[in-house]
Amino acid sequence: MRDQHLDQAVHLLQSGQCVAIPTETVYGLAANALDSVAVTQIFRIKNRPFFDPLIVHVASIEAITPLVRDIPPAAQILLRAFSPGPLTLLLPRAACIPDLVTAGSERVAIRIPAHPVCQALLQRLPFPLAAPSANPFGYISPTTAAHVAAQLGDQVPLILDGGPCRIGLESTIVGFEPDAVIHRHGGIAAAQLAKVLGQPLAPQPPRKAHPQAPGMLDSHYAPRTALHLPPWPDPLPHDCALLRFRDFDPRVPPTHQRQLSVQGDLDEAARNLFAAMRELDALRTAHIFAETVPQQGLGQAINDRLYRAAAPQHKTSKNH
Ligand code: TXA
Ligand code: MG
């Protein structure tokens, strides 16, 4: 990362513009979280509905204080254990957070990213950054600067390149009701959270008409190609691609399949998931057949993304 790019990012963000930023989970499309006009541009560029609230990114635990009314004890425990890192907490918002950022909710989503470039940027800014994943609404999240450039390059004045994302899946979102509840599985496994809190987390809250986390919309993280989970048809249709966990499938040529981790490592599989989905989507086959992974560690979040990618698409995501 050249300093001049960081300078340029600081300048653009201070003048109310958007910048694509690397984080350890996925790339984000960032703007000044305290400036509604700046934040409106994120929604426009992503074609994102206004009912879908944004995560607010800060450099440190101390920087959270002015943005919230309270940090419940369980949230403090999680912050101490996992910050900075792939964890987002839903906390009661302070008055300085614009309605647009929370979509009118009384809770604001807060995250402290660990990526060094993102940290350096946040430390130089006098305001927090609102940032959703830097993809058109409903499509697969970007895990490299090239992924962002391919879809939003002509609409974003700067993409800070911080290399491929180390985690490759979005942050885990936790709310307090008052017990800790996982709203979205992500880069920190449920079992890790439970270990630190000393008890299993309550199940996900029931779906609302306007979902609390539209990452929870059935069709999300979706390629344009129809993606199917097991059971797969036998024989496989001719015009297809395969997304495998660890094994090679001799029925399909190597060009048309990806193995997420030949070692069977779920962290590696998470890191490779979205890039593999994009590569297979680019082949423009009639179908992608995807295998689920063991439901342990990051496997829960990987399977969650696969289920959503396989769900029937709604109009907005088909447009991209
Ligand atoms: O890892 C991540 O979380 C990445 C990086 C860029 O930080 N960001 C990300 O943002 O995945 P996005 O917008 O693609 O997904 C954020 C999810 C959305 O589904 C949104 O609905 C939920 O967080 N969310 C944000 N604010 C919320 C709030 N106040 N209440 C409930 N859910 C909220
Ligand atoms: Mg997203």
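Every number for a ligand or one of its atoms is a count from 1 in the order of the listing. For reference, positions follow the sequence shown, starting with 1.
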Checklist entry - With respect to atom 8 (N) of ligand 1, which of C118, G175, S171, A131 exhibits the smallest heavy-atom separation? => result A131
Item to check | Heavy-atom closest contact (V58 atom, P113 atom, distance) | outcome: O-CD, 3.4 Å
Next on the checklist: Closer than 2.8 Å to the Mg ion (ligand 2): how many protein N, O or S atoms are there?
Outcome noted: 1
Next on the checklist: For the backbone of D52 and the side chain of R48, can you confirm whether one donor and one acceptor N or O come within less than 3.5 Å of each other?
Outcome noted: yes
Acceptor/donor pairs from residues 89-99 side chains to any protein atom, 3.5 angstrom cut, sequence neighbours excluded:
residue	atom	partner	partner atom	Å
R93	NE	S105	O	3.1
R93	NH1	I97	O	2.8
R93	NH1	D99	OD1	3.1
R93	NH2	D99	OD1	2.6

Checklist entry - Side chain of R271, backbone of L169: donor and acceptor closer than 3.5 Å? => result no
Next on the checklist: Assess the residue pair L242 and R258 against the criterion (side-chain contact (heavy atoms from CB on, under 4.5 Å)); give the C-alpha distance rounded to whole Å, side-chain angles, the decisive distance to 0.1 Å, and a yes or no.
Outcome noted: CA-CA 6 Å; L242 294 189; R258 294 291 179 280; over 6 Å; no
Next on the checklist: Evaluate K46 for polar contact with ligand 1, using N/O atom pairs at a separation under 3.5 Å.
Outcome noted: no
Checklist entry - For S171 and I55, which heavy atoms make the closest approach, and how far apart are they? => result OG-CD1, 4.1 Å
Checklist entry - Do Q192 side-chain atoms and A189 backbone N/O form a donor-acceptor pair below 3.5 Å? => result yes
Checklist entry - Does ligand 1 have any atom that is closer than 4.0 Å to a heavy atom of H183? => result no
Checklist entry - Hey, is ligand 1 close enough to R184 that some N/O pair sits below 3.5 Å? => result yes
Checklist entry - Looking only at non-hydrogen atoms, which of I112, I110, I55 approaches atom 16 (C) of ligand 1 most closely? => result I55
Next on the checklist: Would R107 and E177 count as a salt bridge (Lys or Arg N to Asp or Glu O under 4.0 Å) here? Give the steps.
Outcome noted: CA-CA 11 Å; R107 291 193 295 184; E177 299 165 17; 3.3 Å; yes
Next on the checklist: Check whether Y221 forms a cation-pi arrangement with R308 (NZ or CZ under 6.0 Å from the six-membered ring centre, at most 45° off the ring normal).
Outcome noted: no
Checklist entry - Which is closest to atom 28 (C) of ligand 1 by heavy-atom distance: G28, P53, P22? => result P53
Checklist entry - What pairs with P237 under side-chain contact (heavy atoms from CB on, under 4.5 Å), at least two apart in sequence or on another chain? => result P233, H287, F289
Next on the checklist: Evaluate L201 against V181 for side-chain contact (heavy atoms from CB on, under 4.5 Å), listing each step before the verdict.
Outcome noted: CA-CA 6 Å; L201 278 79; V181 170; over 6 Å; no
Next on the checklist: Contact between ligand 1 and R48 is defined here as a heavy atom of the residue under 4.0 Å from a ligand atom; is it met?
Outcome noted: yes
Item to check | Check: T23 N/O within less than 3.5 Å of ligand 1 N/O | outcome: no
Item to check | Non-neighbouring partners of F176 that pass ring-ring contact (aromatic ring centres under 6.0 Å, His included), sequence neighbours left out | outcome: none
Checklist entry - Under a 4.0 Å heavy-atom limit, does V101 contact ligand 1 with its side chain, its backbone, both, or neither? => result neither
Checklist outcome for this item: ligand 1 to D52, heavy atom cutoff 4.0 Å, flagged ligand atoms 18 (C), 19 (O), 20 (C), 21 (O)
Next on the checklist: I want to know if ligand 1 touches S133 in the polar sense, i.e. an N/O pair below 3.5 angstrom.
Outcome noted: yes
Checklist entry - Does the N or O separation between R107 and ligand 1 drop below 3.5 Å for any pair? => result yes
